[in-house]
2 protein chains.
Amino acid sequence: MKIGIIGGGSIGLLMASILAGHNNEITLYVRRVEQMETINKNGITIFPNKETYKVRSLLLDDIDLSDEMLLVCVKQYQLTDIYPFLLNSTCPLIFLQNGMGHIEDIQDFNFTNDVLLATSEHGAIRESDSIVRHTGKGHISIASLSGISSILDEIHSLLVNEDFPIKIEGDWFTMLARKLVINAVINPITAIFQVENGEIIKNPYLKKLSEQLCKEVCSVLQVDSLEHWNRVVSVASNTQNNHSSMKVDVFKRRRTEIDGILGYILKQGEVNFPYTSFAYNSIKALEWNYKQEVNLK
Amino acid sequence: MKIGIIGGGSIGLLMASILAGHNNEITLYVRRVEQMETINKNGITIFPNKETYKVRSLLLDDIDLSDEMLLVCVKQYQLTDIYPFLLNSTCPLIFLQNGMGHIEDIQDFNFTNDVLLATSEHGAIRESDSIVRHTGKGHISIASLSGISSILDEIHSLLVNEDFPIKIEGDWFTMLARKLVINAVINPITAIFQVENGEIIKNPYLKKLSEQLCKEVCSVLQVDSLEHWNRVVSVASNTQNNHSSMKVDVFKRRRTEIDGILGYILKQGEVNFPYTSFAYNSIKALEWNYKQEVNLK
């Protein structure tokens, strides 16, 4: 299958290398000429296996209209720059982002393509422009946002293999909400305190905080709080030595995804959501601090 | 005047050296023989002036019953160890602690002495067992908790001088509440984010957090929120480059005063105080983290 993957970050590189290994013809669309050239020269190497896959890389301006599927792997806050490039495509679009803030934008865009949404349980760290470390295996969930949903079965049968488990979900909201609750609790708490995922359940005070935050986020999303808290606990336990992406972003003084995650929750009502607001403002305060440092240089 | 000062921390050392300079005979009661010997040998040196004052130091077991006043300068959580030593004293007792949690204990103790409460605006850092750095001048406020309040005027006239301004307050609750709100907002926020006091008003996200926390604490204490917020802003601005004691405690991985400050607020009701609870649990989580490190060694 000819698959275009948009975004050369950790998840884009991971998807490209996993899918390149199974008789797919992959094009990875990136923003920087430098990364494009590196990938065209070296392929993508995936650690810890150290296997290298040949992958074609292009700039997004040169999008190949013969792609049979486009997998969009950029961060939520980068999506608005991407939409215009998708307008001439006719193949199914799969959006793989955290949060839910982008769904309304996608709906407003009225794509004529089939639009699918996905969430990923994989852990990945980008080590260079063409090297990605696969830190945790999981599965990809896919649900249909618009268009015929038979496309789901088709994609599933084309892509799924033992290295790449895929779950088909009937309802995109349930699927995204599940991921959003996990991200809304584990990401900000581990980022504020700069701890590994497991601390959320080992440190009794972080556990209390996380549980309160989880309750509030679930009440906003109108999903069952206990069920989702149990899932947070199980993810924190299964990934106890992992560093959440937001923890890494704060540590590396990069922009985080907080607006797409807790920012989205805060926008859902006029009511005051104090735990959400505390955690949101904490991450924004940390970002503001390091942005100031850059400005002072 | 023969004044006994209990506690060889930053405020105890500061009070001892300031009062020693004005015809008072000071005894500083400390816990460790080592500190006692150092002070008896070297006196107390106060920076940045670099003046050294001769001060007698004793262990608390050897309390001198001819002291005409006892100024208790230990942390709130150390008070329970101190009370028994005060039982044989007859002179006025002045308690200088943050928070309000200790007041009920003092009342339960039914001291027959005159009991006064004090708050301090001075900034001080203990640099060694006999060296203290005076980082910010302010005044001491004193109010009567029990006993004849004429003692206030007496103490004021005996102690006050241009280096040591003292304000007499009519109502201890108002006086302590004022200090408590300042400590409840500036201390935890600067400690969680490891920033100087001024960041509370410079960083717009910390400002939002601090304002919400202030509102909640004021509602619990039933004091005017706007009036106290303006005071927080003014203290944060006047001490913008200072490091709060809680920030320093967390940085040095020491026990903080959080239980006496936000812990006290949380105890005031069955209602959920989310901002207070978030800030409280954050500091407890940080303390728990470094206590674990010590246990693991």
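In what follows, every chain begins at residue 1, and chains take the letters A, B, ... in the order their sequences are listed.
Annotation: salt bridge (Lys or Arg N to Asp or Glu O under 4.0 Å) contacts involving residues 232-244 of chain B, sequence neighbours excluded, are absent.
Remark: A236(A) pairs with I186(A), I200(A), I201(A) by the side chain to side chain contact (heavy atoms under 4.5 Å, CB included) rule, at least two apart or across chains.
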Can you list the donor-acceptor atom pairs spanning chain B and chain A that come in under 3.5 angstrom?
from, atom 1, to, atom 2, distance (Å)
N203(B), ND2, A285(A), O, 3.0
N203(B), ND2, N289(A), OD1, 3.3
N272(B), OD1, Y275(A), OH, 3.4
Y275(B), OH, N272(A), OD1, 3.4
Y275(B), OH, S277(A), OG, 3.2
S277(B), OG, Y275(A), OH, 3.2
A285(B), O, N203(A), ND2, 3.0
N289(B), OD1, N203(A), ND2, 3.3

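Between I189(A) and V185(A), the shortest heavy-atom contact is CG1-O, 3.2 Å. Residues L286(A) and I192(A) share a closest heavy-atom pair of CD1-CA, 4.1 Å. In plain terms, the two heavy atoms of L180(A) and G99(A) that are nearest each other are CD1-CA, 3.7 Å. Here the closest heavy-atom approach between residue V181(B) and residue C214(B) is recorded as CG1-SG, 3.9 Å.
Neither the backbone nor the side chain of I283(A) comes within less than 4.5 Å of any heavy atom of chain B.
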